[in-house]
Undergrad: 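A single structure is presented below for examination.
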Amino acid sequence: MTLWRNTFQIPRMLTAGEASILRRFSPVPKVTVCLVFLVLSVSFGRYDWMGCMVFACIPFFIALTAEVPVCDLLKRCCMAFPFVLCAGIANCFFDRNPVEIFSWWEVSGGVVSLFVLMMKTLAAVGMVLTLTACTPMTEIAGALRRFHVPCVLILQLQLLFRYLWLLMEESRNVVQAYFLRNPECRIIPYRDWGNVVGRLFLRTVERAGAIYRAMQCRLFHAGNPLSAAASGSLKEWVEASFLMLLLFILRYFL
């Protein structure tokens, strides 16, 4: 059991402090600022490393003000780097144009573009995780409904969010059951991967069906329109507009 606890644990969700200002904000202004930030952060060119690096630091600064654990936020963001490396590491071989970083240092354009791609990922993932830490998923769905996003897409996003945590819970149960039946094993052998994954798939489908039937017992129907979130007060929109203005000014000078 000690081995199991050390090797496979469900990560806890990032949550902001109860007394933080962002926690008390209405979801619509927060989602609006997040969308504006995402658009601005991906608008940099492939060699604009300075601006991307500055924008990558902004979500962590916001996380500090919202009392979100910065170290945990950074660990979650780094989980997206393997996908970025698979997509952008080829630039290091094909883009040989020299790019001047400082007046005395030139670097290959492929390396710079890869760094820019990583910083964009850090900025985008960090801001989204900070938003989810400060806002429950139901409020985010209500804010998207206020933006007239189709209910089908919002419902799909909610179910996907719920299914991911269900998958992690069932993965923990399956792996724990395997190690309890084989106490001398330290890792799952390759020959048993198919059985474990098949059992995991069957358990998650069965669990998801049970959850959906429970939702139907509570009069849930996928065709019903979702309720929109509150639009927010005038003070909140003034503060959100000021923050978006700062982001535009920062993007303009970078």
Side-chain angles (χ1 to χ4, degrees), residues 1-18 59 63 68-89 118 121-122 124-142 144 151-224 226:
M1 183 63 69
T2 303
L3 176 63
W4 151 248
R5 290 174 179 172
N6 293 334
T7 56
F8 197 96
Q9 291 183 352
I10 295 178
R12 60 185 180 87
M13 294 185 63
L14 292 174
T15 55
E18 294 292 338
V68 178
V70 178
C71 294
D72 293 343
L73 178 62
L74 181 59
K75 292 178 182 178
R76 304 290 177 86
C77 294
C78 290
M79 295 175 64
F81 282 163
F83 303 97
V84 177
L85 292 176
C86 292
I89 201 170
M118 294 176 65
T121 303
L122 193 64
V125 177
M127 181 58 74
V128 172
L129 289 178
T130 303
L131 174 65
T132 56
C134 302
T135 313
M137 190 61 191
T138 54
E139 295 184 2
I140 295 177
L144 294 178
C151 293
V152 176
L153 297 179
I154 301 175
L155 182 61
Q156 186 69 28
L157 181 64
Q158 288 181 299
L159 294 178
L160 178 62
F161 180 79
R162 179 67 182 90
Y163 184 79
L164 289 177
W165 285 99
L166 187 149
L167 178 62
M168 286 188 289
E169 291 177 1
E170 292 300 327
S171 301
R172 179 191 59 184
N173 296 334
V174 170
V175 174
Q176 182 180 11
Y178 183 90
F179 285 132
L180 288 176
R181 292 190 179 97
N182 301 275
E184 298 180 356
C185 290
R186 295 186 175 273
I187 60 174
I188 300 178
Y190 176 76
R191 64 178 183 273
D192 293 335
W193 285 8
N195 295 331
V196 172
V197 173
R199 174 60 61 180
L200 176 62
F201 174 75
L202 294 177
R203 288 178 62 93
T204 51
V205 169
E206 182 180 0
R207 179 88 178 274
I211 292 176
Y212 184 72
R213 288 191 294 270
M215 294 168 60
Q216 287 181 319
C217 291
R218 297 180 180 179
L219 303 180
F220 170 80
H221 188 266
N224 295 336
L226 301 175

Undergrad: Let me confirm one number: the CG-CG distance from L180 to N173, rounded to the nearest 0.5 Å.
TA: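 Separation between the atoms: 10.5 Å.
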
Undergrad: Within this structure, what is the CG-CG distance for the pair L74 and L122, rounded to the nearest 0.5 Å?
TA: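 Taking CG in L74 and CG in L122, the distance rounds to 6.5 Å.
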
Undergrad: Would you give the length of the straight line joining atom CZ of F161 to atom CG of L166, rounded to the nearest 0.5 angstrom?
TA: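 Between atom CZ of F161 and atom CG of L166 there are 12.5 Å.
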
Undergrad: Is atom CZ of R199 surrounded by more than 12 heavy atoms (other residues, nucleotides or ligands) closer than 6.0 Å?
TA: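 Counting other residues, nucleotides and ligands, CZ of R199 stays at 12 neighbours or fewer.
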
Undergrad: I need the R172 CZ to E170 CD distance, nearest 0.5 Å.
TA: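 Answer rounded to 0.5 Å: 9.0 Å.
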
Undergrad: With the side chain counted from C-beta on, respond yes when L200 and L167 share a heavy-atom pair under 4.5 Å apart, and no when they do not.
TA: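 Yes, at least one pair of side-chain atoms sits under 4.5 Å.
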
Undergrad: With no hydrogens and no angle check, is any side-chain donor or acceptor of T135 less than 3.5 Å from a backbone partner on T132?
TA: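 Flag not set: sc T135 to bb T132 has no pair under 3.5 Å.
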
Undergrad: Would you indicate whether the side-chain heavy atoms of V197 and F201 approach each other to under 4.5 Å?
TA: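 Side chain of F201 against side chain of V197, heavy atoms only: no contact under 4.5 Å found.
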
Undergrad: Using 0.5 Å steps for rounding, measure from the CE atom of M118 to the CG atom of L85.
TA: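 Those atoms lie 5.5 Å apart.
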
Undergrad: To the nearest 0.5 Å, how far apart are OH in Y178 and CG in D192?
TA: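 With rounding to 0.5 Å, OH (Y178) is 3.5 Å from CG (D192).
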
Undergrad: Is L73 close to P69 at the side-chain level, that is, under 4.5 Å between some pair of heavy atoms?
TA: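 Result no, sub-4.5 Å side-chain heavy-atom pair not found.
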
Undergrad: Just wondering, are more than 12 heavy atoms of other shown residues or ligands nearer than 6.0 Å to CD in E206?
TA: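 No, the 6.0 Å shell around CD holds no more than 12 heavy atoms from other groups.
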
Undergrad: Write down the atom of Q158, the atom of A141, and the distance for their closest heavy-atom approach.
TA: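 Shortest heavy-atom separation between Q158 and A141 comes out as NE2-CB, 3.5 Å.
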
Undergrad: When you compare the side chain of L157 with that of M137, does any pair of heavy atoms fall below 4.5 Å?
TA: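 Yes. Closest side-chain heavy atoms under 4.5 Å.
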
